[in-house]
K.L.:
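This structure is in structure tokens; I'll ask about it shortly.
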2 protein chains.
Amino acid sequence: MPEASSPTQTSSQTRADDAFRFLQAAIIKGELAPGEKIGEVELCDRFNLTRGPLREALGRLESRGLLVRKPHAGVRVVSISGDELLELYHIREVMEGLAARQAAERMNQKEVAELHALLDGHEKMVAEAHGLAYFQAEGDYDFHFCIVTGSQNQKLVQMLMGDLYYLLRLYRCRFSTAPGRPQKALKEHRHIAEAIALGDGELAQFLMQRHIRAARNNIESRLKDGDITL
Amino acid sequence: MPEASSPTQTSSQTRADDAFRFLQAAIIKGELAPGEKIGEVELCDRFNLTRGPLREALGRLESRGLLVRKPHAGVRVVSISGDELLELYHIREVMEGLAARQAAERMNQKEVAELHALLDGHEKMVAEAHGLAYFQAEGDYDFHFCIVTGSQNQKLVQMLMGDLYYLLRLYRCRFSTAPGRPQKALKEHRHIAEAIALGDGELAQFLMQRHIRAARNNIESRLKDGDITL
DNA sequence: TGTGGTCATATTGTCAACAATCTAAGCCTT
DNA sequence: AAGGCTTAGATTGTTGACAATATGACCACA
């Protein structure tokens with residue numbers, strides 16, 4: 001069992017917050033593997049926690065879908081099937097479509113300029129990777145994150161960030177990029193950003209949905225081809 | 001402070017489950033009012049719980065958006081603004097649209113027949129209320145619940161049931177019915193069910209989205225007219 | 001060898017006590 | 001009267017011990 005991310009002292013308000021962060025990071029990094037059964041006592045030893053805050057963190061991670069808890073029997077890291085992954089993409093499609101529409105209606109000029117600048121940075125990145133990768137850093141530098149935030153629909157942000165994104169991140173690095181896909185994805189991002197800049201909500205929604213549907217179709221065909229197993 | 005729902009002994013697996021159920025019911029019934037600050041010790045006295053399971057229940061309710069917790073400062077029942085309510089309806093529109101589409105693709109003939117029977121029962125109910133109300137019991141007898149379940153998209157069910165429906169139920173009984181609206185809503189339900197029976201996912205999605213948009217528009221105009229304050 | 005029963009141990013759920021933090025009341029100054 | 005400071009008490013967060021439940025090892029029997 002490799003040693004997990006080292007917990008360093010931080011400015012969080014509660015130990016439960018710490019616990020949540022440690023565990024989530026360990027899950028996303030695969031240090032706690034999908035399907036793996038994990039025990040409270042072991043986790044407490046490993047992350048230097050006591051059971052109270054740990055249990056609270058487990059509850060939060062459960063509500064995010066990252067863990068599956070069974071009363072009296074313990075906790076497993078979630079493991080989702082190919083079909084379930086595709087269902088997540090269906091949900092993502094409609095929700096991010098809505099986010100793009102609302103972003104088009106609500107983002108101001110400064111924010112739109114920042115979005116374009118973000119894409120300029122991404123374009124440089126793709127070029128440096130010789131078109132072989134389009135890796136987006138998490139958080140503020142992620143295109144999708146910026147659109148969802150730009151929707152200014154707090155509940156939508158919360159649901160996507162809380163319920164979907166972390167779950168999807170368990171799997172994202174599994175999909176090596178199809179040839180030419182980074183440039184294409186970047187172009188699609190550009191089109192979406194342009195629709196948003198024009199305030200054309202309907203078009204932004206349409207383009208975002210198409211973009212995510214393309215990703216879903218890609219995953220679906222690769223699952224069928226047996227290129228990927230989950 | 002009126003006495004809350006009486007906790008009766010049930011067959012749940014943990015006291016945390018009990019606590020969750022008691023509290024959720026009290027919130028939905030308005031016994032714990034929107035915006036109200038609630039204290040752990042008081043809740044323990046009231047529901048005959050200890051703080052461990054109670055805190056776990058509070059965490060779950062927080063993740064469902066029914067409570068707002070602030071570290072070291074306590075818990076409040078959520079209170080959402082008119083704008084926030086309308087945002088929820090936007091989300092509901094796209095997600096239930098997806099649910100209707102997937103239900104059209106996946107529900108079998110028996111399930112579709114049950115859906116029609118459900119609507120027959122609703123029609124009788126509306127007639128008995130002389131067109132003045134279209135009250136749907138929660139759970140299995142709720143049209144929307146049946147559609148979402150019929151989508152067979154587990155994550156979608158979970159997100160709608162876990163993140164949206166209970167929140168919306170805090171507010172539903174606030175909206176007295178516009179004249180003629182029950183019959184209209186029932187007719188819209190019928191159309192949706194017919195599209196599902198035909199397996200026409202696109203039409204089912206369109207009709208469901210229109211149905212929910214109508215509800216949102218109704219709420220929006222009444223908020224603007226000052227008919228309703230939250 | 002396979003199946004069922006028993007029991008010890010490990011693990012999860014709960015409890016009560018202690019620690020940490022916040023809030024409101026009281027007092028003093030302007 | 002209003003504002004600021006201090007402190008006691010209330011409340012929330014954590015801890016460790018005990019209770020409840022599940023699991024796996026071992027044994028007996030067919």
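Within every chain, numbering begins at 1; the chains are lettered A, B, ... in the order of the sequence lines, protein sequences first and strands thereafter.
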K.L.:
Judged by modelled atom types alone, do B/Q152 and B/E105 share a side-chain donor-acceptor pair under 3.5 Å?
P.N.:
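Side chains of B/Q152 and B/E105: no pair found under 3.5 Å.
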
K.L.:
Nearest nucleotide by nearest heavy atom, which residue falls closer to the 5' end of DNA chain D, B/R51 or A/P71?
P.N.:
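Counting from the 5' end, the first nearest nucleotide belongs to B/R51.
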
K.L.:
Can you figure out which of D/dT12, D/dT14, C/dT14 approaches the side chain of B/T14 most closely?
P.N.:
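Nearest listed nucleotide: C/dT14.
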
K.L.:
Send over the distance from B/R69 CZ to D/dT11 C1', rounded to a whole Å.
P.N.:
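Value for this atom pair: 13 Å.
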
K.L.:
Just to confirm, is there a sub-4.0 Å distance from OP1 or OP2 of D/dG13 to any side-chain nitrogen or oxygen of B/R55?
P.N.:
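Yes, B/R55 has a side-chain N/O under 4.0 Å of OP1/OP2 on D/dG13.
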
K.L.:
Please state how far atom CG in B/L54 lies from atom P in C/dG13, giving the value in whole angstrom units.
P.N.:
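B/L54 atom CG is separated from C/dG13 atom P by 16 Å.
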
K.L.:
Should the pair A/E36-A/R76 be classified as a salt bridge under the 4.0 Å nitrogen-to-oxygen rule?
P.N.:
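Salt bridge flag = no for A/R76 with A/E36.
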
K.L.:
Can you identify which nucleotide, out of C/dT14, C/dT23, D/dT12, has its nearest atom closest to the B/R15 side chain?
P.N.:
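Closest of the options to the side chain of B/R15: C/dT14.
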
K.L.:
How many Å lie between CD on B/Q13 and P on C/dT14, as a whole number?
P.N.:
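It works out to 11 Å between those atoms.
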
K.L.:
Are A/E56 and B/R69 close enough for a salt bridge, meaning some N to O gap below 4.0 Å?
P.N.:
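Yes, charged N to carboxylate O under 4.0 Å.
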
K.L.:
Counting side-chain heavy atoms from C-beta on, which of C/dA17, D/dA22, C/dT14 comes nearest to A/H72?
P.N.:
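Of the candidates, D/dA22 comes closest.
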
K.L.:
Measure from the side chain of B/E40, starting at C-beta and using heavy atoms only, and say which of C/dT12, C/dT14, D/dT12 lies closest.
P.N.:
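So the nucleotide nearest the side chain must be D/dT12.
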
K.L.:
Have a look at B/I38 and say if it touches a base, only the backbone sugar-phosphate, or nothing, with a 4.0 Å heavy-atom cut-off.
P.N.:
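Contact class for B/I38: sugar-phosphate only.
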
K.L.:
Mind calculating the distance between CD (A/E56) and P (D/dT14) to the nearest angstrom?
P.N.:
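Interatomic distance, CD of A/E56 to P of D/dT14: 7 Å.
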
K.L.:
Checking contacts here: which listed nucleotide (D/dT14, D/dG13, C/dT12) is nearest the side-chain heavy atoms of A/P53?
P.N.:
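Nearest nucleotide to the side chain: D/dT14.
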
K.L.:
Counting only side-chain heavy atoms from C-beta out, which of D/dT14, D/dT12, C/dT23 sits nearest to A/A16?
P.N.:
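The nucleotide sitting nearest to the side chain is D/dT14.
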
K.L.:
Using atom CG of A/L43 as one end and atom P of C/dA10 as the other, report the distance to the nearest whole Å.
P.N.:
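Nearest whole value for this atom pair: 18 Å.
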
K.L.:
Would you kindly give the CZ-to-P distance between A/R76 and C/dT11, to the nearest whole Å?
P.N.:
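About 14 Å, once rounded to whole Å.
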
K.L.:
Between B/K155 and A/E87, does any side-chain N to carboxylate O distance fall below 4.0 Å?
P.N.:
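No, no charged N to carboxylate O under 4.0 Å.
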
K.L.:
Can you work out whether A/A73 or B/L49 has the more 5'-proximal nearest nucleotide on DNA chain C?
P.N.:
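With A/A73 and B/L49 compared, the 5'-side residue is A/A73.
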
K.L.:
Within the 4.0 Å heavy-atom criterion, would you say A/G39 contacts the bases, only the backbone, or no part of the nucleic acid?
P.N.:
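The residue A/G39 makes sugar-phosphate contact but no base contact.
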
K.L.:
Parallel, tilted or perpendicular, judged at 30° and 60°: which one describes the rings of A/H189 and A/H144?
P.N.:
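Judged by the thresholds at 30° and 60°, the geometry between A/H189 and A/H144 is perpendicular.
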
K.L.:
In whole Å, what is the span from the CG atom of A/D18 to the C1' atom of D/dG13?
P.N.:
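The distance from CG of A/D18 to C1' of D/dG13 comes to 12 Å, rounded to the nearest Å.
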
K.L.:
Here's a test of your reading of the structure: between A/K37 and B/V41, which maps to the more 5' nucleotide of DNA chain D?
P.N.:
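Result of the comparison: B/V41.
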
K.L.:
To the nearest Å, how far apart are B/D17 CG and C/dG13 C1'?
P.N.:
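Nearest whole value for this atom pair: 11 Å.
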
